[in-house]
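One structure is given here, and the rest of the page talks about it.
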Amino acid sequence: MDPSTEILNDFSPRFVIYKDGRIERLLEDVHVLPSYDPLTRVHSKDVKISLGGSARIYRPDHIPECTKLPVLIYYHGGAYCLLSAFSKTFHNYLNSMVSEAQVIAISVDYRLAPEYPIPICYDDTWDVTKWVLSHSVEKGPDPWITQWGDMGRVFLAGDSAGGNMSHNMLAQATREGLVCPDKKIEGVVLVHPFFSLEKLDVTVDFLSEGKMGPHHPIFNPMRDPARMRREVMCERMLVCVDKDDELREAGIAYYDALKGSGWEGKVELLETNGGGHVFHLRNPSNEKSIEFLKVIASFIIQCS
């Protein structure tokens with residue numbers, strides 16, 4: 001048989017690997033360029049930060065002089081192997097979120113597995129996160145963030161694998177001393193976050209080359225609530241789950257572990273009946289999706 005058509009590993013509906021080494025991703029992914037979006041009146045541009053870490057930065061149009069806006073760092077989902085910060089899905093979502101919440105947003109891009117096995121994606125996201133947090137000094141490297149970003153009001157958010165990354169980037173920032181009791185992250189939003197309970201998703205197990213099982217702290221921080229309490233250095237957290245999402249129980253377990261850990265911040269659980277995992281990205285014009293976006297934007301605005 002032709003090795004270019006004979007399948008070696010089948011991880012449908014995400015990707016397949018052929019015997020000649022070719023990887024075929026099965027989810028259509030359309031990349032779009034940064035631009036000015038007249039519908040939401042949001043500008044965007046791209047920056048390269050490290051070998052594997054890039055970002056798309058968004059800002060609202062016509063920001064009043066001397067105005068400082070909250071800063072949102074967003075981590076996209078896609079099971080560690082799909083999509084990008086430059087995907088049309090996330091580009092449109094960030095345009096809408098920036099318009100609704102009036103924030104400066106940094107949408108993080110990272111290298112995908114299996115070409116770059118987990119935890120390389122975490123290294124890339126940390127490069128970008130650290131770069132954004134470096135703007136806490138008087139003048140940081142990016143003029144949009146420096147001019148309009150309020151580094152005293154920083155938010156982290158992400159969906160699915162990106163929700164997991166939001167937790168882990170906050171934990172790493174705490175360990176590195178970039179956030180502390182006197183300089184906390186203002187708020188964190190975990191949307192349908194990927195965490196493991198008793199077993200690891202077979203695809204994720206493969207993508208980490210079997211080296212990071214279901215009880216690894218990256219995938220299951222709930223096993224050590226005391227560590228969670230120390231590393232979740234933010235004022236407020238919103239954990240979002242959906243009734244029809246297979247990750248619902250893991251999201252609730254995260255919420256319960258944090259709330260029961262003695263953590264002094266405020267954690268909220270939002271359960272929707274929107275139609276399953278990341279329903280708001282799959283059908284953004286749906287009434288439930290629009291309302292869900294407004295709820296997340298309201299969380300940011302309330303904190304601010």
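These values consider heavy atoms only, across backbone and side chains, with no hydrogens, waters or symmetry-generated copies.
- For Glu198, the CD atom sits in a loose shell: 12 or fewer heavy atoms of surrounding residues, nucleotides or ligands are nearer than 6.0 Å.
- Counting only residues at least two apart or on different chains, the ring pair (Phe, Tyr, Trp, His ring centres under 6.0 Å) pairs with a member in residues 235-262 are His167-Tyr254, Phe195-Tyr254.
- For Thr40, the side-chain hydrogen bond (donor to acceptor under 3.5 Å, both in side chains) criterion is met by Asp37, not counting sequence neighbours.
- The number of heavy-atom neighbours closer than 6.0 Å to NZ of Lys68, taken from other residues, nucleotides and ligands shown, is above 12.
- By the side-chain hydrogen bond (donor to acceptor under 3.5 Å, both in side chains) test, Ser208 pairs with no residue at all, sequence neighbours left out.
- Shown here are the salt bridge (charged side-chain N to carboxylate O under 4.0 Å, His left out) partners of Glu271, two or more places apart in sequence or in another chain: Arg248.
- Every residue meeting the side-chain hydrogen bond (donor to acceptor under 3.5 Å, both in side chains) condition with Arg25, not counting sequence neighbours, appears here in chain and number order: Glu115.
- The salt bridge (charged side-chain N to carboxylate O under 4.0 Å, His left out) search around Arg22 returns none, not counting sequence neighbours.
- Applying the under-4.5 Å side-chain rule to Ile, Leu, Val, Met, Phe, Trp and Tyr, the cluster around Ile120 extends to Tyr116.
- Ser84 is linked by a side-chain hydrogen bond (donor to acceptor under 3.5 Å, both in side chains) to Asp109, counting only residues two or more places apart in sequence or in another chain.
- Between the side chains of His192 and Asp242, no donor N or O sits under 3.5 Å from an acceptor N or O.
- At distances below 3.5 Å, at least one donor-acceptor pair connects side-chain atoms of Ser261 with backbone N or O atoms of Trp263.
- Dense packing is recorded around NZ of Lys48, with more than 12 heavy atoms of other residues, nucleotides or ligands lying under 6.0 Å away.
- For Trp126, there are no ring pair (Phe, Tyr, Trp, His ring centres under 6.0 Å) partners, not counting sequence neighbours.
- Within a 6.0 Å radius of CD in Glu246, other residues, nucleotides and ligands contribute 12 heavy atoms or fewer.
- Side chains of Tyr58 and Met97 form no contact here, defined as non-hydrogen atoms less than 4.5 Å apart.
- Every residue was checked against the salt bridge (charged side-chain N to carboxylate O under 4.0 Å, His left out) condition with Asp29, not counting sequence neighbours, and none meets it.
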Without placing hydrogens or testing angles, list every side-chain donor-acceptor pair under 3.5 Å for residues 69-78, not counting sequence neighbours.
from, atom 1, to, atom 2, distance (Å)
Tyr74, OH, Asp159, OD1, 2.6
Tyr75, OH, Thr129, OG1, 2.7
His76, ND1, Tyr110, OH, 3.4

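- Geometric assessment of Lys45 against the ring of Trp144 yields a positive cation-pi assignment under the 6.0 Å and 45° thresholds.
- From Leu156, atom CG reaches atom CG of Leu170 across 6.0 Å, with rounding to the nearest 0.5 Å.
- Considering SG of Cys240 and NE2 of His280, their distance stands at 8.0 Å, rounded to 0.5 Å.
- Scanning for salt bridge (charged side-chain N to carboxylate O under 4.0 Å, His left out) contacts around Lys88 gives an empty result, with sequence neighbours left out.
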